Amino acid sequence: MTLRTIGILPHGGGNIGSIINAFRALGYSTRVLLSSEEADKVDLLVVPGVGHAGSALKSLQEAGSFDALAKRKSRELPILGICLGAQLFTSYLEEANSAGLGWLQTETVRLENKKRFHNGWFHLDFEALSGLGLSRGLSPVDTFYFNHEYKIRSDGLTNIVCIESDSTTVAIFVDGLTCGVQFHPEKSQRAGQVFLRNLIGRFDES
Amino acid sequence: MSLKRLVAVVTVRNGLVVKSYGYRFWRPAGGLASALRELDSWCVDEIVILDISRKPRLDHRNVAAISQAMVTTPIIYGGGVRTESDVLALLQAGCDRIVLESLLFRNSETTMLLCERFGNQAFVGSIPFFGANHGSPIVRLMGDEDVNAIDMSLDHALRILQVSPVSEFFLIDADNEGFTGQFSLHGCIPKQFLMALNRGLIWFGGIGPEQMRSLLEMPQTAALALGNRLLEREVEYSKVQDQIFAPTDKTNLRPGLTSRIAYNAMKD
């Protein structure tokens, strides 16, 4: 399969402009879906970040997007969740005190660090990144932009990459053709663009 | 802990970029879209756009410029943001976070509503200090067409800020903004005040080269913001980063672009 079209699933928030810019810069036709029925009609579905878990879950439920997402997952079509989008794939979201989609058997819980947030740039566990085949064109010096108050717990998970300085916080998970990233590749400058290209390449090869 | 950031501030007035001095004098400095693209090409850690037009509404000329610029550097926007529609418009244009000042102090209910819709991490609280040069700063909220200016003691401001849900605070030495090397805030804000904020701090307002390292070494510092200095000379940003960045010191700064390029070249 060769990816050509990218669809963004809205959830009431989302830094949609940044995501559109990032994929268009890579040469992909990118649009915001007008209804959940369109979720099957794009090559890659992106669930964006920037939002509140409770508000996003409510919005997705009202739009019938849960069913659309489940259908897409069962058909093994590519899905990318960014930040909040990735957190929605977990089994529980503390911010909303609510169940998520349950694709990833772990919880999204409040960060424990002193400043209560991750705002800024982090190095990733580069060895793990290479192990997932996503490090081509990247180096251990590269950093990625995070902006979150809640984290996906890494306990017992495989096929993940954590933040280099915090092995309890998942930065990337891959489950078949579903990928979730806690950071914002659309705003991680060159490193983010290279990562997206690697990820799309991985989807293309499948 | 995240790496510390050097943030570029672009001050905008009535739809145009300006070099601002103490928020009292301005010199035109070109268009917003081109300024954003330049900063993006220098790979600055973040861009903060501050609209200082003193209008109680979002200026959609700025929104259009952000949309046109299409940058891959994180953008934080402040100035005139009042409603959910404002935040949505900015996110759809290419912004990632929002600075709140007037709402933060004057309308905590709306601040809460915005955070409950878009998440606390999407908002940065701005604290404009005046009087740092005299050693006794206050918080001064400038007025606009709808509201008068208010002066507030640090104690009063802290009571509001401690319970606000925003993710970081932007501390502005407003008197010295634009006057490189004149930054005076860090010497006159009590440590207890800073600790009570319990969030990452972004310092701004005339920070000079000799002040940067000591500010970055403060544990609570998340970022330093530079404004006019980055509009004055090309590639100044890379020079600033490389002057400060040293892998073994305590600043924990994100590696500069030239350091990253050099590392990658070494590996090849």
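The shown structure was predicted, so the numbers you read here are calculated from the model rather than taken from an experiment. By convention in this document, chain letters (A, B, ...) are assigned in the order of the sequence lines, proteins followed by strands, and residues within each chain are numbered from 1.
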Contacting region of [X] [heavy-atom separation from chain A under 4.5 Å]:
X	answer
B/V63	neither
B/L90	neither
B/R5	side chain

Nearest heavy-atom pair of [X] and [Y]: which atoms, and what distance?
X	Y	answer
A/W121	B/P74	CZ2-CD, 3.9 Å
B/E116	A/S55	O-CB, 3.8 Å
B/A122	A/V50	CB-CG1, 4.2 Å

| request: Applying side chain to side chain contact (heavy atoms under 4.5 Å, CB included), run through A/N119 and B/R97 and close with a yes or a no. | output: CA-CA 10 Å; A/N119 299 119; B/R97 300 168 79 195; 3.3 Å; yes
| query | In terms of heavy-atom pairs under 4.5 Å with chain B, which of A/G14, A/A22, A/G192, A/G54 leads? | reply |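 The answer is A/G14.
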| note | Heaviest contributor of heavy-atom pairs below 4.5 Å to chain B, chosen from A/H123, A/H184, A/Q193, A/K58, is A/H123
With a 4.5 angstrom heavy-atom cut-off, is it the side chain or the backbone of [X] that approaches chain B, or both, or neither?
X	result
A/S59	neither
A/N15	both
A/D166	neither

Is the shortest heavy-atom distance from the side chain of [X] to the side chain of [Y] under 4.5 Å?
X	Y	value
B/L91	A/I16	no
A/E186	B/T72	no
A/K187	B/I75	yes

Between the side chains of [X] and [Y], does any donor sit under 3.5 Å from an acceptor?
X	Y	result
A/Q189	B/T73	yes
A/S18	B/D96	yes
A/Y150	B/Q121	no

| query | In this structure, are over 12 heavy atoms from other groups packed under 6.0 Å from B/Q162 atom CD? | reply | yes
| Residues, nucleotides or ligands: over 12 heavy atoms within 6.0 Å of A/R31 CZ |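 Yes, the 6.0 Å shell around CZ holds more than 12 heavy atoms from other groups.
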| task | Begin from the C-alpha positions of A/Y145 and B/E46 and carry the test side chain to side chain contact (heavy atoms under 4.5 Å, CB included) through to its verdict. | result | CA-CA 10 Å; A/Y145 185 75; B/E46 225 163 21; 2.4 Å; yes
| task | Just do the side chain to side chain contact (heavy atoms under 4.5 Å, CB included) check on A/H52 and B/N120 with the steps written out, would you? | result | CA-CA 8 Å; A/H52 185 284; B/N120 301 336; 5.7 Å; no
| N/O donor-acceptor pair under 3.5 Å between A/R24 side chain and B/M70 backbone | no
| message | If I take atom CZ from residue B/R254 and atom OG1 from residue A/T143, how far apart are they, to the nearest 0.5 angstrom? | response | 3.5 Å
| request: Output, in order, the C-alpha distance, side-chain angles, deciding distance and verdict of side chain to side chain contact (heavy atoms under 4.5 Å, CB included) for A/F122 and B/L3. | output: CA-CA 6 Å; A/F122 286 85; B/L3 299 165; over 6 Å; no
